[in-house]
Amino acid sequence: MKKLSLALTSMLLMLSVTACGGGSNSSAATDAPAPAAGGSSSTEQPAGKTKIRFYTFKADKPEEPIYQAVQSYNESQDKVEVEYKSLVQNSDSTEFMKKLDILVAGGEVVDVFMTGNEDELLERASRGVVEPLNSFFEQENITPEDEYSKLLKLDDQVYGILPSSTQWLTVFNKDHLEAAGLTLPEMGWTWDDFRDYAKKLTTDEHYGTYFHTWGEYPNIIAYTERPHPQLNADLKPIFDDPSFEYFFNLRRVMEQEDKSVEPYADVLASNYHVLQQFFAGNASMLAVPSYAVRAALNLEKFPHEFQTMYAPLPRSVDTQEIGMTNISGGGLAMGAKSENKEAAYDFIQWMAKESYKFTKEIPAFKGVDGAELIKGFFGENEDLIDTASLSKTLFDPNIKMPDTFNVPYGNELKAIVENGFASYMLDNRSFEDIKKEMTAEVEKVVAANKQ
């Protein structure tokens, strides 16, 4: 199986809950123009305009921000008309991609489509379904790495642009922080510091922190400071990396010795939402993707009254590199069989640079004033969101990611670590035994995909 090379540059992030497959719709920008009568789904060809089709998992409804963005694009110029094609109405990108694959297999010509995460896009790029964008950038004399905080690449070819992205950070309950006499940690704090904060924040009423069941949480360092969370460049398992034993042990001692985190067995049994315990006031801080920011405004789902404050992720104890984080997101891509590629490229570029005005998500496009965006998006919600610490965290000039790569069987590898960690915690086994088992399992998956 061809290896996927994912070159990432630094900075920026996203504030919406899209990272885990489908995600939920963001509220529309207040200054978003009303959609034109009839919408863009009309089959009538506007005079003088090239017509292209845009396939999305966002709802075909006037209140949908992506729908509004497409309408605005259609009204902004007289060369291209975009037909909005929504295949699902529940923002489930996994279901959407299945339906899109069936259409493509049946001969449907796709001009532009969007994905809920990068794996969905890159896996299809490996099958030749996606058109690389390099020649279009070259034609405009654009260096895309200078334009965007992240690009989706395969073998040095750009296949996707992120209209927005998600960055890992640390969220804090301001009331708990003040009650413990603590200040927000600064860029460069370590996971040892994180453990210390958790101990000091823990009371009889709540834990200092919370760790979820996802595959990132057994070793967050692997996702923020390594090119791939389970493999090296030669596709060999990296469980000898010191961060794995360190983080596995950190999780165990925080639970068993410090009593600063909810027991892993209880978390498994409870089937919490990743943000539930934090917003319920049962955990004082949480390392989490930045979609937690906008979730603070969803009081129907997460009722709470405290203000959330923000800080960078901790760094490894044994590294001097600061500002490392994980940046991810879905992408906008061009269909390889599109007969209107110039028009498709124009639309992709516009969406990457303008759609944030409707979605209220911070774009991966670098040409924005981040502090002004945060103030504009959340200035009226200071009781729930501390915009000063949020801006400082998200737009710190030190924010970066290592050059990374991806493989189409990444979810299988992630599940191996999830299962290994579960056995480590629940059966109280040694890390060495778990490491051997995870290594053997990963080697089997890699070998199977090389055939």
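The analysis underlying the following values was restricted to heavy atoms, covering all of them including side chains, and did not include hydrogens, waters or symmetry mates.
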State, with a plain yes or no, whether a side-chain heavy atom of T308 is found less than 4.5 Å away from one of D386. no
Using 30° and 60° as the class boundaries, would you call the ring planes of W350 and F358 parallel, tilted or perpendicular? tilted
Just checking, is any N or O donor in the side chain of T213 or E418 under 3.5 Å from an acceptor N or O on the other one? no
Do Y207 and Q277 get their side chains close enough for a donor-acceptor pair, meaning under 3.5 Å? no
Kindly indicate whether the side chain of L169, heavy atoms from C-beta on, has any atom under 4.5 Å from the side chain of P289. no
So M285 and N173, do their side chains get closer than 4.5 Å, heavy atoms only? no
Pair K153, E145 - check salt bridge (Lys or Arg N to Asp or Glu O under 4.0 Å), show working. CA-CA 11 Å; K153 300 178 91 174; E145 289 81 3; 3.0 Å; yes
Give a yes or no on this: more than 12 heavy atoms of other residues, nucleotides or ligands lie within 6.0 Å of atom CD of E432. yes
Backbone N or O of D433 within a donor-acceptor pair of the S430 side chain at under 3.5 Å? yes
Where do P227 and T404 come nearest, in terms of heavy atoms and distance? O-CB, 3.1 Å
Has R226 got a side-chain atom pairing as donor or acceptor with I238's backbone, closer than 3.5 angstrom? no
Between I327 and K150, which heavy-atom pair has the shortest distance, and what is it? O-NZ, 2.6 Å
What closest approach, in Å, do M351 and P163 show between heavy atoms, and which atom pair accounts for it? O-CB, 4.1 Å
For atom CD of E380, decide whether the heavy atoms of other residues, nucleotides or ligands shown that lie under 6.0 angstrom number more than 12. no
Is there a donor in the side chain of D241 and an acceptor in the side chain of S243, or the other way round, less than 3.5 Å apart? yes
Go through the steps for F347 and F54 under the test ring-ring contact (aromatic ring centres under 6.0 Å, His included), then give the verdict. CA-CA 9 Å; F347 173 63; F54 169 53; 5.2 Å; yes
Measure from the side-chain N and O atoms of D155 to the backbone N and O of Q157, and report whether any donor-acceptor pair falls under 3.5 Å. no
Test side chain to side chain contact (heavy atoms under 4.5 Å, CB included) applied to I385 and Y310, step by step: CA-CA 9 Å; I385 294 173; Y310 308 87; 3.6 Å; yes
Intermediate values then yes/no, side chain to side chain contact (heavy atoms under 4.5 Å, CB included), Y223 and Q230: CA-CA 9 Å; Y223 282 85; Q230 294 95 26; 3.1 Å; yes
Could you check whether any side-chain N or O of R252 sits under 3.5 Å from a backbone N or O of Q256, counting only pairs where one atom can act as donor and the other as acceptor? no
Please evaluate residues E186 and K392 with respect to the criterion salt bridge (Lys or Arg N to Asp or Glu O under 4.0 Å), reporting the C-alpha separation (whole Å), side-chain torsions for both, the decisive distance (0.1 Å), and the verdict. CA-CA 10 Å; E186 296 291 332; K392 182 179 179 181; 3.1 Å; yes
Would T94 and E120 count as a side chain to side chain contact (heavy atoms under 4.5 Å, CB included) here? Give the steps. CA-CA 8 Å; T94 301; E120 291 173 341; 3.8 Å; yes
So, do I362 and F377 sit near enough that their side-chain heavy atoms are less than 4.5 Å apart? yes
Would you compute the distance between atom CG of D318 and atom CD of E225 and round it to the nearest 0.5 angstrom? 8.0 Å
Do side-chain atoms of E64 reach the backbone of I66 as a donor and acceptor pair under 3.5 angstrom? yes
Just by distance, do the side chain of T202 and the backbone of G208 share a donor-acceptor pair under 3.5 Å? yes
Between D258 and R195, does the salt bridge (Lys or Arg N to Asp or Glu O under 4.0 Å) criterion hold? Intermediate values first, please. CA-CA 9 Å; D258 302 344; R195 178 187 178 185; 2.6 Å; yes
Ring centres under 6.0 Å, that's the criterion: do H273 and F302 meet it? yes
Salt bridge (Lys or Arg N to Asp or Glu O under 4.0 Å) between K341 and D111, worked out: CA-CA 7 Å; K341 291 185 172 64; D111 296 300; over 6 Å; no
Just wondering, more than 12 heavy atoms not from K199 lying within 6.0 Å of its NZ? yes
Of all heavy-atom pairs linking P363 and A352, the shortest is CB-O, 4.0 Å
Crowded around N271 CG? As in, over 12 foreign heavy atoms under 6.0 Å? no
Verdict with reasoning, K366 to Y148, per side chain to side chain contact (heavy atoms under 4.5 Å, CB included): CA-CA 5 Å; K366 293 181 179 180; Y148 300 100; 5.8 Å; no
Using modelled atom types only, decide if a donor and an acceptor are shared between the side chain of T190 and the backbone of R315 within a distance under 3.5 Å. no
Distance only, no hydrogens: is a donor on one side chain within 3.5 Å (strictly under) of an acceptor on the other, for S284 and H206? yes
Within 45° cone of Y217 ring axis and under 6.0 Å: R251 NZ or CZ: no
Check: E131/Y345 side-chain N/O donor and acceptor closer than 3.5 Å: no
Between T209 and M254, is any pair of side-chain heavy atoms under 4.5 Å apart? yes
Short side-chain to backbone donor-acceptor contact, K400 and N398, under 3.5 Å: yes
Can we say E216 and K414 salt-bridge, meaning some charged N sits less than 4.0 Å from an Asp/Glu carboxylate O? yes
Check whether H212 reaches the backbone of W214 with its side chain - one donor and one acceptor, N or O, closer than 3.5 Å. no
Exercise: identify the closest heavy-atom pair between F172 and A311: CE1-CB, 3.7 Å
Can you tell me if S423 and R429 form a side-chain donor-acceptor pair at under 3.5 Å? yes
Determine whether the aromatic ring centres of residues Y197 and W189 are separated by less than 6.0 angstrom. yes
Could you give me the CA-CA distance, side-chain angles and deciding distance for W191 and F247, then say whether ring-ring contact (aromatic ring centres under 6.0 Å, His included) is met? CA-CA 9 Å; W191 284 103; F247 220 94; 5.0 Å; yes
List the atom of L390, the atom of I374, and the distance in Å for their closest heavy-atom pair. CD2-CD1, 3.8 Å
State, yes or no, whether a side-chain contact exists between F137 and T143 at a heavy-atom distance under 4.5 Å. no
Between F194 and F211, what is the ring plane arrangement, given parallel below 30°, perpendicular above 60°, and tilted in between? tilted
Will you find, in the side chains of T115 and E118, an N or O donor that is under 3.5 Å from an N or O acceptor? no
Could you check F421 against Y264 for ring-ring contact (aromatic ring centres under 6.0 Å, His included), going step by step and ending with a plain yes or no? CA-CA 10 Å; F421 181 74; Y264 180 73; 5.2 Å; yes
Beyond-backbone contact of F306 with L177, side-chain heavy atoms, under 4.5 angstrom: no
Are R124 and D101 packed together at the side-chain level, in the sense that at least one heavy-atom pair is separated by less than 4.5 angstrom? yes
Can you tell me if S290 and Q167 form a side-chain donor-acceptor pair at under 3.5 Å? no
Using distance alone, with no hydrogens and no angle criterion, decide if Y272 and N282 have a side-chain donor and acceptor under 3.5 Å apart. no
Is there a donor-acceptor pair under 3.5 Å between the side chain of N249 and the backbone N or O of E245? no
Test item: side-chain donor near acceptor, N232 and D234, under 3.5 Å: no
